[in-house]
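Values in this document were obtained by computation on a predicted structure and should not be read as measured data.
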Amino acid sequence: MELRQLRYLIAIADEGNLGRAAARLFVSQPALSYALRRLETELGVRLFDRHSGGVTATAAGLDVLAEARRTVTQAERINAAAERHRRAASGVLRVGFEASGAGELTTRARAEFARRHLGVRVEPKRFDWGQEADALRDGRVDVAFVWLPADLTGLHHETVHTEPRIVGLPTGHRLAGRAGISVLEVNDEPLMWTERAPRAWVDWWAVNPRPDGSTPRWGPTNDNVEEMLEQVAEGAAVCFAPASLARYYTRPDLTWVPLTDVEPLRVALAWPAGEDNPLVHGFAAVVRELAG
């Protein structure tokens with residue numbers, strides 16, 4: 001059994017159709033059918049029922065698929081661990097962040113680390129809503145500023161930054177001239193949200209439930225900060241954000257007003273638990289010094 005066969009199996013299950021799976025894998029459909037038959041023969045069980053609409057996993061197939069997904073994920077993490085060491089040896093540190101990250105601390109830490117480590121190239125990697133922790137586990141970055149709440153399983157993490165939250169409004173909105181507002185004052189406003197992040201993350205940002213027990217009025221969804229701000233500027237909804245977003249995403253058609261009665265954003269610096277990359281620990285030392 002090879003990892004290639006397990007990836008084939010996962011693609012077939014995801015697509016529910018051998019033709020679509022073959023196209024996704026860039027192999028011919030006959031080759032994929034042959035690979036599936038060989039794997040079923042090797043395992044001694046039928047993994048999929050064939051029918052006119054495609055294929056459906058059998059009970060045995062579902063169990064094998066669950067193990068296949070775990071095996072492929074673990075294999076990817078093995079490669080990611082090796083990649084981290086290759087990059088450390090070559091003098092590259094990949095720093096992940098979301099939107100405005102930890103505000104000015106993000107930029108200052110990268111600059112100061114680069115000043116102290118002249119032979120190291122620091123690569124900033126920006127991610128969309130709630131994706132920083134997964135990027136660390138998948139090996140796409142070496143260290144990251146993670147907006148909390150987040151699933152930090154398998155990661156070492158330290159809270160290094162806090163900042164107030166604000167509400168983004170279209171210019172000319174009835175609340176745009178205020179020095180500060182309560183979250184309850186925007187209860188009737190449609191609120192931007194995303195389906196890309198975990199639900200606990202979405203609810204925390206939306207302040208759901210509200211202090212009076214009510215739920216937000218959900219507005220349009222978005223996949224990233226640019227889409228969110230564009231829809232707010234158009235008047236489709238309002239959005240909640242950290243205060244630093246107002247500095248990093250200044251627009252003439254948007255107004256930012258402080259939220260006076262919600263807890264601030266906390267940002268953690270995180271990296272894989274047990275990581276012995278000296279570049280990661282050097283970056284963490286710089287962040288601690290600047291944050292202190």
Side-chain angles (χ1 to χ4, degrees), residues 92-118 120-133 135-136 140-150 152 155-169 171 176 179-181 192 194 197 201 204-205 222 224-230 232-233 238-271 277 279-292:
V92 177
L93 181 71
R94 299 165 299 167
V95 180
F97 64 99
E98 173 178 344
S100 55
E104 293 181 1
L105 177 61
T106 309
T107 305
R108 290 173 59 215
R110 290 202 308 265
E112 179 60 18
F113 177 83
R115 186 186 70 79
R116 298 183 189 183
H117 300 77
L118 297 179
V120 177
R121 185 171 79 254
V122 181
E123 295 183 352
K125 301 288 185 181
R126 203 207 77 176
F127 295 94
D128 295 324
W129 308 131
Q131 302 302 307
E132 318 95 302
L136 280 169
R140 286 174 283 164
V141 291
D142 305 301
V143 62
F145 292 96
V146 179
W147 283 5
L148 303 178
L152 298 172
L155 303 175
H156 173 86
H157 53 93
E158 307 171 11
T159 300
V160 296
H161 178 71
T162 62
E163 61 180 272
R165 283 190 280 175
I166 54 179
V167 57
L169 307 164
T171 301
I181 57 177
M192 295 296 306
T194 181
W201 189 97
W204 185 86
W205 272 106
N222 67 93
N224 53 60
V225 65
E226 289 82 8
E227 289 182 8
M228 179 183 77
L229 297 184
E230 192 66 28
V232 172
V238 302
C239 69
F240 295 162
S244 58
L245 208 70
R247 296 191 297 273
Y248 284 80
Y249 292 89
T250 301
R251 294 177 51 143
D253 48 5
L254 286 178
T255 298
W256 299 97
V257 179
L259 287 166
T260 59
D261 55 357
V262 300
E263 64 178 309
L265 168 67
R266 295 177 299 123
V267 182
L269 185 71
W271 60 89
N277 184 338
L279 299 183
V280 169
H281 292 288
F283 185 79
V286 169
V287 172
R288 292 187 198 105
E289 180 180 322
L290 295 177

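- Remark: the backbone N or O of R94 is paired with a side-chain donor or acceptor of D142 at under 3.5 angstrom.
- The CG atom of L245 sits 6.0 Å away from the CG atom of L229 when rounded to the nearest 0.5 Å.
- Judged purely by atom type and a 3.5 angstrom limit, W201 has no side-chain atom pairing as donor or acceptor with the backbone of L148.
- The heavy-atom pair separating A102 from V267 by the smallest distance is CB-CG1, 3.9 Å.
- Taking CD of E98 as the start and CZ of F127 as the end, the distance is 10.5 Å to the nearest 0.5 Å.
- Contact of the W205 side chain with the P242 side chain is registered, since non-hydrogen atoms from C-beta on lie closer than 4.5 Å.
- In terms of heavy atoms, A133 sits closest to L155 at CB-CD1, 3.9 Å.
- Annotation: side chain of F145 is in contact with side chain of L269 (closest heavy-atom distance under 4.5 Å).
- At least one cation-pi condition fails for R251 and W256: the charged atom is not both under 6.0 angstrom from the six-membered ring centre and inside a 45 degree cone around its axis.
- A salt bridge links R126 with E226: the closest approach of a Lys/Arg side-chain nitrogen to an acidic carboxylate oxygen falls below 4.0 angstrom.
- Side-chain contact between R140 and K125 is absent, with no heavy-atom pair separated by less than 4.5 Å.
- Considering only heavy atoms from C-beta on, V287 stays 4.5 Å or farther from F113 through its side chain.
- Inter-residue side-chain proximity for V95 and V141 is flagged as unmet; no heavy-atom pair is nearer than 4.5 Å.
- Counting heavy atoms from C-beta on, the side chains of Y248 and T107 come closer than 4.5 Å.
- Both the sub-6.0 Å distance and the 45° axial angle are satisfied by R165 relative to the ring of W204.
- Heavy atoms of other residues, nucleotides or ligands lying less than 6.0 angstrom from CD of E163 number more than 12.
- The backbone N or O of A246 sits less than 3.5 Å from a side-chain atom of T250, completing a donor-acceptor pair.
- Nearest heavy atoms, V146 versus A270: CG2-CB, 4.0 Å.
- Of all the heavy atoms in T255 and A176, the pair that sits closest is CG2-O, 3.3 Å.
- Taking CD1 from I166 and CG from L259, the interatomic distance works out to 8.0 Å, rounded to the nearest 0.5 Å.
- With hydrogens and angles ignored, the 3.5 Å screen pairs a side-chain donor or acceptor of E132 with a backbone N or O of W147.
- When every heavy atom of D261 is checked against every heavy atom of I181, the shortest pair comes out as OD1-O, 4.3 Å.
- In this structure, M192 and F240 have side chains that are not in contact, with every pair of non-hydrogen atoms separated by 4.5 Å or more.
- A distance-only check finds a donor-acceptor pair linking the side chain of T171 to the backbone of L254 [under 3.5 Å].
- With contacts defined as side-chain heavy-atom distances shorter than 4.5 Å, the pair M228/Y249 does not qualify.
- The distance from atom CZ of R110 to atom CG of L105, rounded to the nearest 0.5 Å, is 10.5 Å.
- The structure places NE2 of H161 at 7.0 Å from OG1 of T106, a figure rounded to the nearest 0.5 Å.
- Without hydrogens or angle criteria, T162 side chain to L265 main chain gives no donor-acceptor distance under 3.5 Å.
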